[in-house]
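See below for the structure under consideration.
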2 protein chains.
Amino acid sequence: MSMNFLQKNKTMILYGLSLAFLLYFLRWLELRVVIINNAFEIYAGIIAVLFTGLGIWLAIKLTRPKTETRIIEKEVYRNNDSDFVLNQNAFEQSGLSKRELEVLGLMAGGLSNQEIADTLFVSLNTIKTHTSSLFEKMEVKRRTQAIEAGKRQGLIP
Amino acid sequence: MSMNFLQKNKTMILYGLSLAFLLYFLRWLELRVVIINNAFEIYAGIIAVLFTGLGIWLAIKLTRPKTETRIIEKEVYRNNDSDFVLNQNAFEQSGLSKRELEVLGLMAGGLSNQEIADTLFVSLNTIKTHTSSLFEKMEVKRRTQAIEAGKRQGLIP
DNA sequence: TCAAAAATCACCCGAAAGTATGAGCGGTTT
DNA sequence: AAACCGCTCATACTTTCGGGTGATTTTTGA
């Protein structure tokens with residue numbers, strides 16, 4: 001903040017000096033050149049242009065640090081699947097077979113019965129049998145409930 | 001871009017008009033007031049101040065706020081246990097309505113469409129509509145996929 | 001106040017999920 | 001060998017889900 005103040009003062013001093021210099025330069029011009037009638041507008045124009053430029057320069061100098069910083073938060077999801085370990089105890093408690101657990105995992109991944117069947121190279125009916133029996137063992141009625149329960153019990157990530 | 005161009009032109013026209021007006025104003029002053037010797041510097045000063053101001057105004061108008069877009073990658077760790085807080089950012093990003101998010105939550109709880117309908121005191125068809133639009137927005141095909149995606153994005157616990 | 005978005009509901013139809021039941025095959029256990 | 005279990009597959013049937021379409025009402029934002 002104090003730096004800013006100094007900077008501003010420096011700029012102001014520069015501005016003052018520039019103004020003084022320009023005025024004296026014009027005065028000098030006035031003395032040197034034969035001034036024709038109605039030449040005032042020419043001087044005024046020159047001054048106008050010069051000081052407009054000065055103003056622009058000033059404004060740019062003063063408002064330069066005014067950069068609007070827009071921060072875009074890009075969310076990066078980490079796959080915490082890596083640090084998943086099967087709750088062996090819960091698995092044994094559940095009474096599920098390895099195959100049924102496997103099916104449950106794929107089910108939780110959002111796969112359809114047909115897709116699970118294709119993945120495991122077995123028939124759709126086989127998967128239906130697996131799901132039916134695992135629903136019974138887990139005491140649920142739907143795959144969504146099975147997924148919910150499975151996650152809660154540490155059976156699936 | 002074309003808008004900017006127009007804006008610039010507008011500013012330029014304003015600038016020209018201001019210059020013309022000021023010059024004529026000063027000319028008028030010259031005619032009206034008895035000009036003492038060495039009064040030139042006073043006029044020059046007035047012009048200088050006025051046009052410096054004009055320059056500053058111009059520069060501010062012309063200098064668009066430089067938007068420095070900084071993309072910050074921010075890792076979001078989900079505590080998918082007890083204390084769940086909705087990822088507001090993800091929610092807004094998803095384009096889901098409040099009701100749709102509500103349905104998604106109940107869906108993840110393992111409820112059937114009929115049960116969700118009963119819970120929210122609306123018809124089964126309404127829930128079907130919600131789920132359909134929700135699937136479309138989330139770019140999924142099944143409820144299990146919606147639940148998976150919803151959990152990953154912090155939309156549901 | 002006016003348009004857009006959200007929420008509500010209905011109907012149809014096909015696909016997917018789930019239920020029930022039966023059965024064959026390879027293992028292990030008793 | 002008989003009993004049991006896990007895995008496989010099948011048929012038949014019911015329920016649920018999801019897509020498509022269209023409509024009305026309510027809410028909201030500009």
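No side-chain heavy atom of A/Lys98 sits less than 4.5 Å from a side-chain heavy atom of A/Glu102. Proximity of A/Ser94 to A/Met138: side-chain heavy atoms (C-beta onward) are nowhere separated by under 4.5 Å.
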Output one letter per nucleotide in nucleotides 18-30 of chain C: B when a protein non-hydrogen atom lies under 4.0 Å from the base, S when only the sugar-phosphate is that close, - when neither is.
BB-----------

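Using a 4.0 Å heavy-atom distance criterion, B/Ser97 is classed as a sugar-phosphate-only contact. Contacts of B/Ser123 with the nucleic acid, taken as non-hydrogen atoms under 4.0 Å apart, involve only primed sugar atoms and P, OP1 or OP2.
Put simply, the side chain of A/Glu100 gets close to the backbone of A/Ser97: a donor and an acceptor are under 3.5 Å apart. Between the B/Arg142 side chain and the A/Leu111 main chain, no donor and acceptor come within less than 3.5 Å of each other. Judged by distance alone, with hydrogens and angles left aside, the side-chain atoms of A/Lys137 form no donor-acceptor pair with the main-chain N or O of A/Leu96 at under 3.5 Å. A donor-acceptor pair under 3.5 Å is absent between the side-chain atoms of B/Gln153 and the main chain of B/Gly150, judged by distance alone.
Atom pair B/Asn125:CG and D/dT24:P shows a separation of 16 Å (rounding to whole Å applied). At whole-Å resolution of the value, CD in B/Glu115 and P in D/dC17 are 8 Å apart. A straight line from CD of B/Gln114 to P of D/dG18 spans 14 Å, rounded to a whole angstrom. Here the P atom of nucleotide C/dA17 and the CD1 atom of B/Ile147 are 13 Å apart, to the nearest Å. One can place CD1 of B/Ile127 at 14 Å from C1' of D/dT16, the figure rounded to the nearest angstrom. The CG-P distance, from B/Leu124 to D/dT15, rounds to 14 Å in whole Å. The interatomic distance linking A/Ile116 (CD1) with D/dC9 (C1') rounds to 17 Å, in whole Å. The distance between atom CG of B/Leu101 and atom P of C/dA7, rounded to the nearest whole Å, is 11 Å.
Note on B/Val140 and B/Met107: same hydrophobic cluster, where clusters join Ile, Leu, Val, Met, Phe, Trp and Tyr whose side-chain heavy atoms are under 4.5 Å apart, directly or indirectly.
Nearest-nucleotide assignment on DNA chain C puts the 5′-proximal partner with B/Gly95, out of B/Gly95 and B/Thr126.
With D/dC17, D/dC9, C/dA17 as the choices, the nucleotide that has an atom nearest any side-chain atom of A/Ser112 turns out to be C/dA17.
Not one side-chain nitrogen or oxygen of B/His130 sits closer than 4.0 Å to the OP1 or OP2 atom of C/dA7.
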